[in-house]
Amino acid sequence: MKKLIDVFEAKSYLHYLSSKVGDSNQRKGVKSALAKALNCQPTYITHVLTGKANLSLEQAEAVNKYFAHTKEESQVFLLLVLRDRAGTNTLKQNFQEQIDQILAQRMILTKRLGQRNVLNEEQRAIFYSTWYFLATQIGLTIPAWQTSEVLAKKLNISAERLGEVLQFLCDNGLVKKEKNRFIPGETQIRLGRDSHQILQHHTNWRMKAIESFDRETINDLHYSGVLSLSESDVVKLKNTILTQLKENIEFVKASKEEKLYTLNIDFFNLERE
């Protein structure tokens, strides 16, 4: 069975279509349905899959609709068709550069996950100066933690320090106070890699991860490994991690708020070039 790939890792539009249509014992039904969507005969799809014919741009647009591609996926698929149909190397390179630009943007985490930020530079510096500002904001999504007494105990910080943190969060609209309870505001903050606070943010949570080693439980997970792999697979693996991270975030959004966990992922080059 052919490995199913997404359009962002396809070497050509034919490579992608072959993956989507499947092996010869799977093709008949998919080819017929695809031919109907493209308003052509199944034999024409066979010619395309064997490299004897090319999709027109109109047919490429129909493929996008048939596979319910996102806007970004549709852009890349159309560019793959344009590149593979181009008659000169210069034109092929032009379309390849456009593909590369989209793929590069996908590799930037904040482009993949979205970015919302209402704090100015000075406020962000305070928020990311230590771990307990973010821990307090997210901890308050757990209903049982929404009083200062419980939160101070759960996070193991003093009532005085927590009071300062809650005041800052309330003053900046990240938390709201209702009677004796604190609830999270609507705003979520995510740092991009170009932010001045990103290094401190990563450091805060790596330090907390190290602290957790001495009290590891069955529900905790710590993994460290050194890998050797091809240069092309480095990009593929990072893309896989980002895709899985996005799926995990969507999964967590739908999960009931009961426990406060930290997720750290490290994937970096050890070579000093």
Side-chain angles (χ1 to χ4, degrees), residues 1-114 227 229-251 265 267:
M1 181 179 292
K2 284 184 177 294
K3 178 185 175 183
L4 185 64
I5 63 172
D6 67 39
V7 71
F8 301 111
E9 58 181 325
K11 299 175 183 176
S12 66
Y13 85 83
L14 175 58
H15 180 212
Y16 174 68
L17 284 182
S18 296
S19 163
K20 297 291 282 186
V21 172
D23 292 325
S24 57
N25 61 343
Q26 299 175 286
R27 283 179 173 170
K28 187 173 180 181
V30 179
K31 280 201 301 183
S32 297
L34 185 57
K36 184 176 180 180
L38 271 60
N39 194 29
C40 65
Q41 295 297 317
T43 52
Y44 182 77
I45 302 298
T46 300
H47 290 325
V48 171
L49 291 172
T50 56
K52 297 177 181 178
N54 268 313
L55 292 179
S56 67
L57 295 184
E58 291 76 15
Q59 288 169 333
E61 184 179 26
V63 169
N64 280 332
K65 291 180 180 178
Y66 177 74
F67 288 122
H69 287 162
T70 64
K71 182 177 180 181
E72 196 174 39
E73 289 170 335
S74 296
Q75 283 182 307
V76 171
F77 184 75
L78 284 173
L79 285 168
L80 285 171
V81 173
L82 285 166
R83 185 201 64 188
D84 295 348
R85 287 176 56 93
T88 66
N89 289 333
T90 303
L91 192 54
K92 284 181 182 291
Q93 182 62 29
N94 182 286
F95 292 128
Q96 183 60 52
E97 288 174 358
Q98 293 181 58
I99 293 170
D100 290 342
Q101 187 175 15
I102 294 173
L103 297 181
Q105 288 297 311
R106 279 180 55 80
M107 296 305 289
I108 300 175
L109 184 59
T110 52
K111 294 290 184 180
R112 292 286 294 277
L113 303 182
L227 317 171
L229 65 167
S230 70
E231 188 171 349
S232 61
D233 283 341
V234 168
V235 176
K236 185 179 295 185
L237 181 55
K238 180 177 178 181
N239 190 62
T240 299
I241 293 170
L242 290 175
T243 299
Q244 184 62 56
L245 180 57
K246 184 175 181 180
E247 292 176 2
N248 289 346
I249 289 174
E250 293 302 316
F251 172 79
I265 298 175
F267 177 61

With no hydrogens and no angle check, is any side-chain donor or acceptor of Ser18 less than 3.5 Å from a backbone partner on His15? no
Applying side chain to side chain contact (heavy atoms under 4.5 Å, CB included) to Leu14 and Thr50, what does each step give before you reach the verdict? CA-CA 8 Å; Leu14 175 58; Thr50 56; over 6 Å; no
Using the ring of Phe67 (Phe, Tyr or Trp, six-membered ring only), decide whether Lys20 places NZ or CZ under 6.0 Å from its centre and within 45 degrees of its axis. yes
In terms of relative ring orientation, are Tyr13 and Phe77 parallel, tilted or perpendicular, with 30° and 60° separating the classes? perpendicular
If you round to the nearest 0.5 Å, how far is CG of Asp84 from CG of Leu55? 10.0 Å
Would Val81 and Arg85 count as a side chain to side chain contact (heavy atoms under 4.5 Å, CB included) if you check the C-alpha gap in whole Å, the side-chain angles of each, and the deciding distance to 0.1 Å? CA-CA 6 Å; Val81 173; Arg85 287 176 56 93; 3.6 Å; yes
May I ask you to check whether over 12 heavy atoms, not counting those of Gln93, lie within 6.0 Å of atom CD? yes
Taking all atoms of both residues into account, what is the closest heavy-atom pair of Tyr16 and Val7, and its distance? CE1-N, 3.5 Å
Test your reading of the model: is there a side-chain donor-acceptor pair from Gln59 to the backbone of Ser56, 3.5 Å cut-off? yes
Answer yes or no: is there a side-chain heavy-atom contact under 4.5 Å between Glu73 and Asn64? no
At what distance, to the nearest 0.5 angstrom, does CD1 of Ile265 lie from CG of Leu245? 5.0 Å
Taking atom CD as the centre, does Glu61 end up with more than 12 heavy-atom neighbours from other residues, nucleotides or ligands that are less than 6.0 angstrom away? no
Spacing of Arg83 atom CZ and Gln98 atom CD [to the nearest 0.5 Å]: 12.0 Å
Looking only at atom types and distance, does a side-chain atom of Lys31 sit under 3.5 Å from a main-chain N or O of Pro42, one as donor and one as acceptor? no
Least distance between heavy atoms, Ile45 atom then Cys40 atom: CD1-SG, 3.8 Å
If you look at every heavy atom in Ser74 and His69, which pair is closest and at what distance? OG-CB, 3.3 Å
If I take atom CG from residue Leu82 and atom CG from residue Leu57, how far apart are they, to the nearest 0.5 angstrom? 5.0 Å
Check whether any side-chain heavy atom of Lys236 sits under 4.5 Å from a side-chain heavy atom of Asp233, and report yes or no. yes
Step by step, work out the side chain to side chain contact (heavy atoms under 4.5 Å, CB included) result for Leu103 and Ile99. CA-CA 6 Å; Leu103 297 181; Ile99 293 170; 4.0 Å; yes
Distance, nearest 0.5 Å, that separates OG of Ser232 from CD of Glu9: 11.0 Å
Can you tell me how far the CG atom of Leu17 sits from the CG atom of Leu80, to the nearest 0.5 Å? 9.5 Å
